[in-house]
Each structure stands twice: as structure tokens, then as C-alpha cells.
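For this chain, numbers begin at 1 and follow the sequence in order. Indexing begins at 1, ligand by ligand and atom by atom, following the structure's order.
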Amino acid sequence: MEEILGDTRFFDLLLGFDRQIAEAAQAGRCPKCGAALHWGSWERKARGGSVGLEPRHRRRFSLCCAKDGCRKRETPGSLRFLGRKVYFGAMVVLISAMQSGLNPARMARLKALVGVSRRTVLRWRDWWHTVFVMSPFWRAHRGLAPLASTTDLPASLLKSFAGTSLQRLILLLRFLVPITSGRGILQAI
Ligand SMILES: [Zn+2]
């Protein structure tokens with residue numbers, strides 16, 4: 001499954017979804033004052049993608065109210081960026097899901113492939129088991145994934161979606177969009 005992280009086409013796909021979400025948000029109005037929204041995207045220093053990634057893959061779509069004196073920033077949800085985490089969300093999901101298989105050899109391979117340390121992986125797992133599990137988002141939506149066990153997240157959540165490994169990962173990333181920005185955002189790890 002970690003091969004997905006090395007595939008630029010996967011990141012193209014996620015970029016396409018993010019663009020759709022952002023364009024829909026841009027077509028709306030500022031939630032604070034009702035003025036139009038202008039683009040104010042920026043490039044993130046996201047870690048953990050494939051080697052062929054280009055700056056556009058790291059562009060965080062964002063919007064800014066056009067009205068002087070308001071200028072409220074609106075950052076739409078994303079399938080690529082999970083809140084403020086420095087690694088791509090897909091990495092946080094996939095690597096956290098490999099709980100049982102985290103033997104030293106596999107860990108060394110992951111470190112070589114995506115540069116993630118064991119300490120970071122342990123912190124991510126802790127995030128799933130505390131911050132995520134206790135979030136209003138999970139309490140409100142866990143009914144959509146009745147087979148997902150809270151003690152085995154995110155692996156059990158990933159398994160609860162249908163399709164190939166790639167399809168399940170994308171469905172899970174779409175499911176998580178509400179916690180990637182704005183008021184729904186979950187505390188950084
Ligand atoms: Zn405004």
C-alpha cells in the first residue's frame with residue numbers, strides 16, 4: 001500500500017478533488033460579510049510525497065474576502081492536507097494504519113522511502129486514539145462506519161470502505177475533509 005505514496009498520479013487525483021472543493025467554495029460568498037471571495041492560495045512545505053511532485057501538488061487552496069476591513073480568510077477542506085500536519089494526510093492515514101506491521105525492518109524502509117521517524121508514527125497513532133476518537137466529528141459520523149473499531153484506527157476505518165486499496169484510501173480522505181480546515185480542524189500533532 002505504501003507504493004501509492006510514491007505515485008505522482010495519486011497526488012494528481014487528490015489535487016483534482018481539492019481544486020473542485022476550492023472552486024465550489026470560491027463560487028460562494030464571505031460567510032462574515034457576504035462579499036466575493038478572492039484566491040489567496042499558498043505553497044505548503046508538505047512532507048512525504050513522491051519524488052516527482054511539483055509545486056502545484058503542495059499548493060494549499062485558500063480564499064480571502066475581497067472587502068477592505070473584512071478580508072476574512074477561508075481555507076476550504078482538503079484531501080491532501082490534514083489540518084496543520086506537515087506530512088501529507090495520505091501518509092498520516094496509511095502509515096498509522098500499518099500498526100501491526102511496524103517491525104524494525106518495515107520502519108527502516110518507511111524511513112528511507114518517506115523520511116518519517118518512528119517517533120512521528122507513534123505520535124500519529126496517539127492522535128487517532130485520543131484527539132480523533134474524542135472529536136465531535138467522530139462522534140457524529142462513526143455511525144457511517146459501524147464496523148470500524150475505535151481501538152484499531154485508522155486501519156479499521158480504512159477497511160470499512162469498499163474498493164481497491166487506492167479507492168478506500170481516497171474514500172477515507174474524502175470522509176476526513178470536514179476536519180481538515182476551519183472550525184472543524186483537529187489539533188495539530
Ligand atoms: Zn468578508
Side-chain angles (χ1 to χ4, degrees), residues 5 8-50 52-94 96 120 123-124 126-145 148 153-154 157-158 161 167-189:
L5 297 171
T8 311
R9 286 168 304 177
F10 170 63
F11 288 90
D12 283 336
L13 209 55
L14 299 186
L15 176 63
F17 283 120
D18 277 12
R19 191 173 282 128
Q20 277 176 19
I21 294 170
E23 281 171 355
Q26 204 267 332
R29 316 293 294 181
C30 169
K32 204 170 152 200
C33 75
L37 294 166
H38 288 174
W39 290 105
S41 304
W42 72 88
E43 201 178 306
R44 281 194 49 159
K45 286 185 172 44
R47 291 193 218 158
S50 74
L53 291 189
E54 293 172 26
R56 65 194 162 98
H57 292 111
R58 296 190 167 82
R59 173 156 300 166
R60 181 65 168 104
F61 294 118
S62 189
L63 304 160
C64 186
C65 172
K67 194 180 160 198
D68 276 334
C70 178
R71 299 280 179 207
K72 184 177 164 44
R73 183 167 280 281
E74 271 290 297
T75 301
S78 169
L79 276 77
R80 289 173 298 158
F81 305 109
L82 189 51
R84 297 186 186 90
K85 291 168 192 62
V86 293
Y87 285 90
F88 281 110
M91 263 199 78
V92 178
V93 169
L94 277 187
S96 307
T120 300
R123 216 167 59 230
W124 288 347
D126 194 50
W127 178 85
W128 286 103
H129 294 143
T130 54
V131 178
F132 182 79
V133 164
M134 290 186 290
S135 67
F137 169 80
W138 179 239
R139 283 201 294 266
H141 295 92
R142 59 174 303 176
L144 298 175
L153 288 171
L157 191 53
L158 204 50
F161 292 102
Q167 287 165 337
R168 280 185 282 136
L169 177 60
I170 288 172
L171 287 169
L172 177 50
L173 292 172
R174 290 192 77 128
F175 177 72
L176 298 176
V177 163
I179 62 164
T180 59
S181 74
R183 260 174 287 169
I185 203 166
L186 297 187
Q187 175 194 321
I189 44 172

Notebook entry, point to check: Salt-bridged, Arg56 to Asp18, with N to O below 4.0 Å?
Noted result: no
Notebook entry, point to check: Can you tell which of Arg73, His38, Arg71, Lys72 makes a side chain to side chain contact (heavy atoms under 4.5 Å, CB included) with Cys30?
Noted result: Lys72
Next item on the list: Enumerate the protein N/O/S atoms at a distance below 2.8 Å from the Zn ion (ligand 1), ignoring waters.
Entry: Cys30 SG, Cys33 SG, Cys65 SG, Cys70 SG
Item checked: Lys85 to Trp127, cation-pi by 6.0 Å centre distance and 45° axis angle -> yes
Next item on the list: Take the angle between the ring planes of His141 and Phe175 and call it parallel below 30°, perpendicular above 60°, tilted in between.
Entry: perpendicular
Next item on the list: Using the ring of Tyr87 (Phe, Tyr or Trp, six-membered ring only), decide whether Arg47 places NZ or CZ under 6.0 Å from its centre and within 45 degrees of its axis.
Entry: yes
Checklist line | With Leu79, the side chain to side chain contact (heavy atoms under 4.5 Å, CB included) member among Leu15, Leu169, Leu13, Leu14 | finding: Leu14
